[in-house]
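Heads up, the thing below is written out as structure tokens.
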Amino acid sequence: MPELDKTYTAAEVEARWYQQWLDDKAFVADPARVSEKRPAYSIVIPPPNVTGILTLGHVLNNTIQDILCRRARMLGKEVLWLPGTDHAGIATQNVVEKTLKKQGGIKHRDDLGREKLVEKIWEWKEKHGGIIIQQLKKLGASCDWSRERFTMDEDYSCCVQKVFVDLYKKGLIYRGKRMVNWCPSSLTALSDEEVVMKTQKGLLYHFKVEVVEQPGTWLEIATTRPETIPGDMAIAVNPKDERYKHLIGKHARRPLPLENQAALPIIGDEHVDYEFGTGVLKVTPAHDKADYEILLRYRAAVMAASSELVDKYSQGPIDIMLPNGVMNNLAGKDLAGIERFEARKIAIALLTEMGAMVKEEPHQNNVGYSERADVPIEHRLSEQWFLKYPSVEAARECVAGRAGVSPAEAGIMPGSSEASGKMPDAAGGTPALPQMRFFPDRWAKVYDHWMGNLQDWCISRQLWWGHRVPVWYLPHNPDGLTEEQRRVAEIIKNKSDLRYSFITGRGFAYCDIEPPTGGNWLQDPDVLDTWFSSWLWPFATMGWPNKTADLKAFYPTTDLVTGPDIIFFWVARMIMAGYEWMGEMPFKNVYFTGIIRDKQGRKMSKSLGNSPDPLELIEKFGADALRFGIMRSAPLGADIAFDDKNVELGRNFCTKLWNAARFRQMQSSSGVSPETSSTGIPPVATEAEINPALLTSDDKWILFRLNTAINEVTSALEEYRFSDATATLYRFFWSEYCDWYVEASKAVLQGSAGVSPVNSDGTGETPALPSRKANTLAVMDFVLGHTLRLFHPFLPFITEELWHGMGFNADMPENQGGKSIMFAPWPKPFSEDELAHFGILPEDEKTANDKYETVNLGRGLKSTFNITKRVRFVIKPKQELPAHEIEVLRILLNADPLDVDASYAAKKGTPVVLTPLGELFLPLEGLIDVEAERARVTKELNKASDELGKVRGKLADENFISKVPQKVLDEHKQREADWAAQLAKLKTMLETLG
RNA sequence: GCGCGAUUAGCUCAGUGGUAGAGCAUUACCUUGACAUGGUAGGGGCCACAGGUUCGAACCCUGUAUCGCGCACCA
């Protein structure tokens, strides 16, 4: 390998390795390789919108998945990360329609017609779809691209229809005329989940109506929507309201439309809140859910009382609006053809003119907005398809940590007599049901609450792009039943085929993928909610309904990584679908990411223009840098405040890693190491190549720290604490390896005559220089080889480059690191045996720590006196210091020379610090500002005195010493002794200063 | 309104009862043979507030405030 450049150039390396991985089919999963020894690990990607582009949210989400997958590979698992995209009905159709309109081809989609438009959307999809897939590759995502799926693929569409038919036959899908959420912009029904409530600062308008039977009596009504007055069908008051109850049964005249001021019944309904407004409610059943229910209740009551009135009230609600939010003729001539918000102004003007307007007051309320189109939705009575959710119980029960249920409790087998009581002991032997875990677990409560309050799901959309409802109708024949209709009627009567049914207003219906042969069966025009296809994602992507090898090996999947914003849209529904059609949960763990925000804590949004383009970041800093930066700032369960600085930090980190490798490489090129292989660089060192007898305290220390890092990173990843893992890696590599170990190792690597004993009592046991150098290099290789592996899931590109560049792959088996670091074994912490082999004891850590502490103190001393040059230090050691330790101290202190003198008698005024190794002097005759030194020592003395006072205070407290545990007591006593000694020394120092 | 979460250095966050931490930012100094995308040293905190438990509270309990999220909703 040629000598490494001074800086790392990400772009070239990333492109090269990604292609190599693809060529090697490194991401391709093979169910045949799954065995007990090689367990499966699988993730299905949350399918991004096929027309979408990569956002930071995707970066976060997919980096996490990639980290999990790459680590699983290193653990020797057979990994499937299944990618794909979503057809995203409304969004995609909107994008294409808009583009076509811009291009001037059409004014409305009807100009093109259904078939043509769908064709155009497919064209668009082929051309622009999947940009995001290419972008994911830039990020380093190790998806099995050979299995890429799209929710509108033929096979997938089949699954969607099959599922619809199945639910239809089970009686869980029905068609009905109901109040739904209607988007006047997209012209379709929406599910409750697609409506977001927004707080609005609006006005509450008060107007009055006169009671017909009591002229002169006026009722004041408060409303936020005066434009809907023409749709009013009643005036409602609370039957317990003393102010109004005597008016129930009378009538009041509706002010609008002017040409049709109908007398509306004044009715009683418990729903009316007397606290709100005036306590009088206008009832607009066609445009308000609650009002619609009031009408239904009223109608039922009226009909029960008198069948004569049935006709009068059996008419439907008065719908005064067109689907696009423009008022229709029923709104009256003044409002007809006017857009709803414009109509409001006119209605107010009309009321004012006729003297009915009383006042308007500021009012804050919540208005439902269409999530996609970002316009206020309308409540609208329309015929739609609804689904009663299947497998609700199982889906609800399987999530551990639900409200009021501990994970262990939730795991009790059903049917156990103790199920609702106390849980058995852990040793009780009751095997727990498989449990799904949420990270962070608080989302389990949110999930449980939603699952406990399920509303039927409106699954039909008035769109053209999507899976068309597989229901077929036989047109009504007014001249009596045809032969075909008679045949179908018979089937329905006998319930011999559940695919047939009768739907009011539609006639005979048949639900299946294909229509029945014969007859003019027409397909339902609606398509299905996109989520009605994505809820099948974990198994429909793996070949369901066939019992494929993929399903057998990889279902249930292991982890799901997604945002909490789609917990109901997607996660909950997938769980239900998993139980309904696979009989099993679809994934074992769900990791909910945070939401990416900008520095000011605002959500990323197009309109704010505060969302950086990840691809630009990758170009500027590298994919590894972006990954590391974003993972470092993404703690479990918290939102992410995104700042380019994080990515820059990632880039800097990669540079550091690169240069540390470069340093190592430069050492071996000097050729001093006899153990160096013929290639010039040894392969990753194994334990066997490290000679424990030659280990310095620094070597032992870094091995010890490595061991700690392995433990920390491993457990952090097991608990999905990614930012903790990166923090550990950062600390270990930068602070411990580079700042201390590499610097200390220079004592061995760069020591000229270096290690010759400087101390008077020279121990003389310094080993021959070359073998010691070789040993230090072996330790470096061992640490670097492990470090690269620990980093690989986070920094796949640079670690692969260095793994090969450093030759660490050389002696590894082909499929375990020889070809790619991706399959190198995940580092394991040292066993007891290994620790014994290296001769690493806990006190070795202290030896090195004491040394580094001494260095810190010495540097501080230099800094206090503004010494920037290399100067002489003298140490008066507490006990003998081996030559190596002295040399390390010398180098780290940048001392020239470092004299060791056990009987050193410093001149008056010589600055000195008390270190764990003894007194360290900075003899600078004549250069010292005695006043400054006195000030410094006094400050330390005060500190020591304070601390001593605190500890003594505690130890003097009878309460304290009698109640505190022995361990804490000992600690305090030790602390007292330490501070007392420190204080005494400092006093002496101060006296010495004169 | 109900529920959940947060509140620790200028910023982003660790810290599960025993001497308050990290990174960034900032200040000073240093281009020394891996790295200036770097090194060394420093400054900076009544741990949101008020009570309580305890020998001892950032940490446990109660309440309050502010912010965020979810659910419900009064027109």
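To find a chain, count down the sequence lines: A is the first, B the second, and so on, and within it residues start at 1. What you are looking at is a predicted structure, and each value in this text was computed from that prediction instead of being measured.
Within the 4.0 Å cut-off from OP1 or OP2 of B:rG38, at least one side-chain nitrogen or oxygen of A:Asn652 is found. An OP1 or OP2 oxygen of B:rG56 is reached within less than 4.0 angstrom by no side-chain nitrogen or oxygen of A:His972. For the pair A:Arg859 and B:rA41, the criterion of a side-chain N or O lying under 4.0 Å from OP1 or OP2 is met. Proximity of A:Tyr8 to the phosphate of B:rA34: no side-chain N or O atom is located under 4.0 Å from OP1 or OP2. Side-chain nitrogen and oxygen atoms of A:Trp734 include at least one within less than 4.0 Å of the OP1 or OP2 phosphate oxygen of B:rG39. Listed pair A:Asn365 / B:rC74 fails the phosphate criterion, with no side-chain N or O lying under 4.0 Å from OP1 or OP2. Phosphate contact (OP1/OP2 of B:rC30, side-chain N/O of A:Lys862, threshold under 4.0 Å): absent.
Distance check, rounded to the nearest 0.5 Å: CG of A:Leu889 to OG1 of A:Thr854 gives 6.0 Å.
In the set B:rG23, B:rC4, B:rG18, the nucleotide with an atom closest to the side chain of A:Pro965 is B:rG18. The side chain of A:Arg442 lies closest to B:rC4, out of B:rC4, B:rG23, B:rG68. Looking at the side chain of A:Ala641, the nearest of the listed nucleotides B:rG23, B:rU12, B:rU19 is B:rU12. The A:Pro635 side chain lies nearest to B:rA14 when the options are B:rG18, B:rA14, B:rA75. Of the candidates B:rC24, B:rA75, B:rA34, the closest approach to any side-chain atom of A:Gln750 belongs to B:rA34. Among the nucleotides B:rG70, B:rG39, B:rC35, the one closest to any side-chain atom of A:Phe568 is B:rG70. Distances were taken from every side-chain heavy atom of A:Met197 (C-beta onward) to each of B:rA14, B:rA34, B:rC73; the shortest belongs to B:rC73. Closest contact between the side chain of A:Lys445 and the listed nucleotides B:rG39, B:rC35, B:rC4 involves B:rC4. Comparing atom distances between the A:Phe663 side chain and each of B:rG18, B:rC24, B:rA34 picks out B:rA34 as nearest. Checking B:rC69, B:rG23, B:rU19 against every side-chain atom of A:Arg975, the shortest atom distance belongs to B:rU19.
Counting to the nearest Å, the P atom of B:rG3 and the OH atom of A:Tyr447 are 23 Å from each other. Distance, A:His379 NE2 to B:rC74 P: 9 Å, rounded to whole Å. A:Phe722 has its CZ atom 23 Å from the P atom of B:rG23, to the nearest Å. One interatomic measurement links the two molecules: CD of A:Glu743 to P of B:rA41, which rounds to 12 Å at whole-angstrom precision. Rounding to whole angstrom units, CZ of residue A:Arg662 and P of B:rA36 are separated by 8 Å. For the pair A:Met179 CE and B:rA75 C1', the interatomic distance rounds to 13 Å; values are reported in whole Å. Atom CH2 in A:Trp740 sits roughly 18 Å away from atom C1' in B:rA34 (whole-Å rounding). Distance A:Arg870 CZ to B:rG39 P: 18 Å, rounded to the nearest Å.
Tested against A:Asp970, the residues A:Lys973, A:Lys967, A:Gln966 include a single side chain to side chain donor-acceptor pair (under 3.5 Å) partner, A:Gln966.
Heavy-atom distances to RNA chain B give each of A:Glu971 and A:Thr868 a nearest nucleotide, and the one nearer the 5′ end belongs to A:Glu971. Annotation: of the two residues near RNA chain B, A:Asp639 and A:Lys282, the 5′-most nearest-nucleotide partner is A:Asp639.
Across all strands shown, B:rC73 forms no Watson-Crick or G-U wobble pair with both distances under 3.5 Å. Under the Watson-Crick and G-U wobble criteria, each requiring two contacts below 3.5 Å, nucleotide B:rC67 is paired to B:rG5. Across all strands shown, B:rC47 forms no Watson-Crick or G-U wobble pair with both distances under 3.5 Å. Look at B:rG33: it lacks any Watson-Crick or wobble partner with both distances under 3.5 angstrom. Figure legend. B:rC59 is base-paired to no nucleotide; pairs are counted as Watson-Crick or G-U wobble with both atom distances under 3.5 Å. Partner assigned to B:rU19 is none, using Watson-Crick or G-U wobble distances below 3.5 angstrom.
B:rC61 and B:rU54 are spaced 12 Å apart, taking the C1' atom of each and rounding to whole Å. Spacing between B:rU32 and B:rG43 at atom C1', rounded to whole Å, works out to 26 Å. Across B:rA57 and B:rA50, the matching C1' atoms stand 15 Å from one another, rounded to whole Å. Comparing the P positions of B:rC47 and B:rU19 gives an interatomic distance of 16 Å, to the nearest angstrom. B:rA58 and B:rG21: their P atoms are spaced 13 Å apart (whole Å). Rounded to whole Å, the separation between the C1' atoms of B:rA20 and B:rG33 comes to 40 Å. Annotation: B:rC24 and B:rU31 have their C1' atoms spaced 23 Å apart (nearest Å). As rounded to the nearest Å, B:rA6 and B:rC59 have P atoms that lie 13 Å from one another.
Classified by interplanar angle (parallel below 30°, tilted 30° to 60°, perpendicular above 60°), the ring pair A:Phe960/A:His972 is perpendicular.
Between A:Asn849 and A:Glu853, the side chains place no donor N or O within less than 3.5 Å of an acceptor N or O (distance only, hydrogens not considered).
One can find a donor-acceptor pair under 3.5 Å joining the base of B:rC73 and the side-chain atoms of A:Asn366. A donor and an acceptor atom sit less than 3.5 Å apart, one in the side chain of A:Lys656 and one in the base of B:rC35.
The main-chain N or O of A:Phe794 is found under 3.5 Å from a side-chain atom of A:Arg627 such that the two form a donor-acceptor pair. Of the possible polar contacts, none joining the A:Asp643 side chain to the A:Asn646 backbone as a donor-acceptor pair under 3.5 Å is found.
In this structure, A:Arg705 is not positioned above the aromatic face of A:Tyr737 in the sense of NZ or CZ being under 6.0 Å from the six-membered ring centre and within 45° of the axis. A cation-pi geometry, defined here as NZ or CZ lying under 6.0 Å from the six-membered ring centre and within 45° of its normal, does not hold between A:Lys862 and A:Phe873.
A ring-centre distance under 6.0 Å is not found for A:Trp443 and A:Phe438.
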